[in-house]
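Atoms considered below: every heavy atom in the structure, side chains included; atoms not considered: hydrogens, waters and symmetry mates. Just so we're on the same page: letters track the sequence lines, and every chain starts at 1.
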2 protein chains.
Amino acid sequence: MKEHNILNQLKVVCSLCSLRELCLPIGFALEELQQLDALTGSKRLVRRGEYLYRTGEKFAAIYAIRGGFFKTSVLHEDGREHVTGFHMMGDIMGLDAISTETHACDAVALECSEICEIPFDRLSELSMVMPVLHQNLHRIMSREIAFDHEIMLMLGKMRAEERLAAFLLNLSKRFSARGYSAASFQLRMTREEIGSYLGLKLETVSRAFSRFQEEGLISVQRKLIELKDADGLKRLLRV
Amino acid sequence: MKEHNILNQLKVVCSLCSLRELCLPIGFALEELQQLDALTGSKRLVRRGEYLYRTGEKFAAIYAIRGGFFKTSVLHEDGREHVTGFHMMGDIMGLDAISTETHACDAVALECSEICEIPFDRLSELSMVMPVLHQNLHRIMSREIAFDHEIMLMLGKMRAEERLAAFLLNLSKRFSARGYSAASFQLRMTREEIGSYLGLKLETVSRAFSRFQEEGLISVQRKLIELKDADGLKRLLRV
DNA sequence: GAAACGATTTGATCTAAATCACAATCCATG
DNA sequence: CATGGATTGTGATTTAGATCAAATCGTTTC
């Protein structure tokens, strides 16, 4: 009974690990996704606008996104909110809560999403007997740290249009790694949320979008973005 | 022979773990520090201005700071540098390199420092048989992620003086947790490095220091800082 | 101890992005 | 399908911080 349970969890976790490889540039993803689809972990549906977890809640599990789109944000005492990340299929959320065993940010679904809940104590147990899992956990956390440092550079050093260009290119790369079009995608977040993430006001984001369109770099129709000239966007980053 | 070696490493690592607890608000630090001082890990001296590691170098170990002061920074293609952190006694550096097995930032000593080099494969082995170590590794990485999110909020949402106030209060807290004065300390970094960390220019940092002094919040003499009114600084954060 | 260099402070000006304002458009819901 | 609130786009104005400039202070070097 218990054996079966552990084995099942093991399956979950294996798929999770390979799934995460999506974030690497290489694109050997599809069959892994189907594996994930076949597994029987504790899934949950989170509707648009619903919280997956909130700041201050007891930490019990990390979450792998099977489909959909999330934002995470931290709240300052004075009410200021800062969006710390956007998360999509294959991403892991909740890793920042391990140290305090309390969630340090809010996670909200930006569209109807399905997540796979992975009890953290179970995961820890498993990773003690499964070196590859252990290793991958470290990798995932390490990658998040390194990525956050990139964002810090962006927030600290880049001008508005550079930030937006970097943002669009990053989204494009991530969609592409998941088998979607790199050149054309639907934004799930508002201009205000993009602004919060990039340290800009929504008007500035809107103006930058318009400017990129004027210059023929992208085409914008509300939330539908088409990258017309990705190299042009990349050039913006090497000012 | 091998047993002894492992045991030795275990000692290193145990001290490392408890040492890291310094970062918690509670201050039960001194005896742990002495433990650290007594251990026989592979120590190394890093002189002021020397690199502990550089971007692109192969990752092999993480580093626990026994004494001294470091900065880490990421470099953008165009030459722009962004300081991602300042690190002192008890802090662990190099965690962001696990995922790619390549260092993603530079680490430079800002004063003559002593570090304890912890080979990562050895650490991984050990953590497989030592649950508490395993757990603490996760905690340390998780804490860094959560802390980086705080910095992102600071870079994205706060004004210049708020950032500097938050910076000073954070330094004060960390010095205090290590048994040093919370009210009076020597800055190890230049105004330019502070500015790079906070997303400001050195002139802005200098002006903010002067302003704080005029208002009686702190006293500044070059690198010597005295916090006269920590509550006043905290009030600045709740604008 | 003079010279040279780097770090800091302070002032004057400039500019990118914030703020304010409002119209246009979308879309959610009864 | 009509209505109201949210979202977006754009213009006018303001402002925080960048940039430019210069003097002062400290430290290292010869």
Side-chain angles (χ1 to χ4, degrees), chain A residues 47-50 69 71 80-83 108-112 154-168 186-215 217-225 236 239, chain B residues 47-49 69 71 80-83 108 110-112 154-168 186-215 218-226 236 239:
Chain A
R47 260 172 295 275
R48 188 188 156 147
E50 272 182 19
F69 211 91
K71 71 167 177 182
R80 278 181 291 194
E81 191 199 22
H82 184 82
V83 173
V108 187
L110 295 181
E111 63 183 14
C112 190
M154 182 172 82
L155 291 172
K157 294 285 183 299
M158 292 186 179
R159 289 181 300 102
E161 292 190 1
E162 295 181 74
R163 295 184 203 185
L164 192 65
F167 171 73
L168 290 174
Q186 199 82 28
L187 296 175
R188 268 74 170 188
M189 70 294 280
T190 66
R191 303 289 190 262
E192 188 167 20
E193 286 163 336
I194 297 173
S196 175
Y197 180 62
L198 299 177
L200 303 169
K201 291 292 158 181
L202 68 96
E203 295 95 327
T204 308
V205 174
S206 178
R207 274 185 249 270
F209 272 132
S210 301
R211 199 128 197 290
F212 287 173
Q213 188 161 35
E214 278 167 34
E215 287 166 358
L217 296 170
I218 65 174
S219 115
V220 194
Q221 270 172 289
R222 287 275 150 153
K223 306 229 164 178
L224 179 67
I225 304 289
L236 277 183
V239 175
Chain B
R47 260 173 293 276
R48 190 187 153 147
F69 210 91
K71 71 167 177 181
R80 278 181 291 195
E81 191 200 21
H82 183 81
V83 173
V108 187
L110 295 182
E111 64 183 13
C112 190
M154 183 173 80
L155 291 172
K157 294 284 184 302
M158 291 186 179
R159 287 179 302 100
E161 293 190 1
E162 294 181 74
R163 294 184 204 186
L164 192 65
F167 172 72
L168 290 174
Q186 199 82 27
L187 296 176
R188 270 74 170 188
M189 69 295 280
T190 66
R191 304 287 191 262
E192 188 167 20
E193 287 162 336
I194 297 173
S196 177
Y197 181 62
L198 299 178
L200 303 169
K201 291 293 157 181
L202 68 98
E203 294 95 328
T204 307
V205 174
S206 178
R207 274 185 249 269
F209 271 132
S210 301
R211 199 128 198 291
F212 286 173
Q213 187 161 34
E214 278 168 34
E215 288 166 358
I218 65 173
S219 115
V220 194
Q221 269 172 288
R222 287 274 149 153
K223 306 231 163 176
L224 179 66
I225 303 289
E226 269 184 85
L236 277 184
V239 174

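Under 3.5 Å, the side chain of Arg207(B) and the base of dG11(C) form at least one donor-acceptor pair of N or O atoms.
Contact between the side-chain N/O atoms of Lys223(B) and the OP1/OP2 oxygens of dT8(C) is found at a separation under 4.0 Å. At least one side-chain nitrogen or oxygen of Arg191(B) sits closer than 4.0 Å to the OP1 or OP2 atom of dT8(C). Taking side-chain N and O atoms only, Arg222(B) has no distance below 4.0 Å to OP1 or OP2 of dG26(D). Distances shorter than 4.0 Å separate none of the side-chain N or O atoms of Thr204(B) from OP1 or OP2 on dA16(D).
Closest-nucleotide positions on DNA chain D for Met189(A) and Val205(B) were compared, and the one nearer the 5' end corresponds to Met189(A).
Atom pair Leu164(B):CG and dT8(C):P shows a separation of 13 Å (rounding to whole Å applied). Rounded to a whole Å, the CZ atom of Phe212(B) is 14 Å from the P atom of dT10(C). In this structure, NZ of Lys201(A) is placed 15 Å from P of dT8(D), rounded to the nearest angstrom. If you measure from atom CG of Leu202(A) to atom P of dA21(C), you get 15 Å, rounded to the nearest angstrom. A straight line from CG of Leu200(B) to P of dA18(D) spans 5 Å, rounded to a whole angstrom. Between the P atom of dA18(C) and the CD atom of Glu161(A) lies a distance of 12 Å, rounded to the nearest Å. In this structure, Glu214(A) places its CD atom 12 Å from C1' of dG9(D), rounding to the nearest Å. Residue Arg163(A) contributes atom CZ, which lies 14 Å from atom P of dA16(C) at whole-angstrom precision.
Between the Ser196(B) side chain and the Val83(B) main chain, a donor and an acceptor come within less than 3.5 Å of each other. With hydrogens and angles disregarded, a donor-acceptor distance shorter than 3.5 Å links the side chain of Arg163(B) to the backbone of Leu198(B).
Across dA7(C), dA17(C), dT10(D), the shortest atom-to-atom separation from the side chain of Ser206(A) is found for dT10(D). In the set dA21(C), dG17(D), dA18(C), dG17(D) carries the atom at the smallest distance from any side-chain atom of Ala160(B).
Side-chain contact between Leu155(B) and His82(B) is present, with at least one heavy-atom pair separated by less than 4.5 Å. At least one side-chain heavy atom of Leu187(A) sits less than 4.5 Å from a side-chain heavy atom of Ile225(A). A heavy-atom distance below 4.5 Å is not found between the side chains of Lys71(A) and Tyr197(A).
The residue Gly49(A) sits apart from the nucleic acid: no heavy atom pair falls under 4.0 Å. Using a 4.0 Å heavy-atom distance criterion, Gly195(B) is classed as making no nucleic acid contact.
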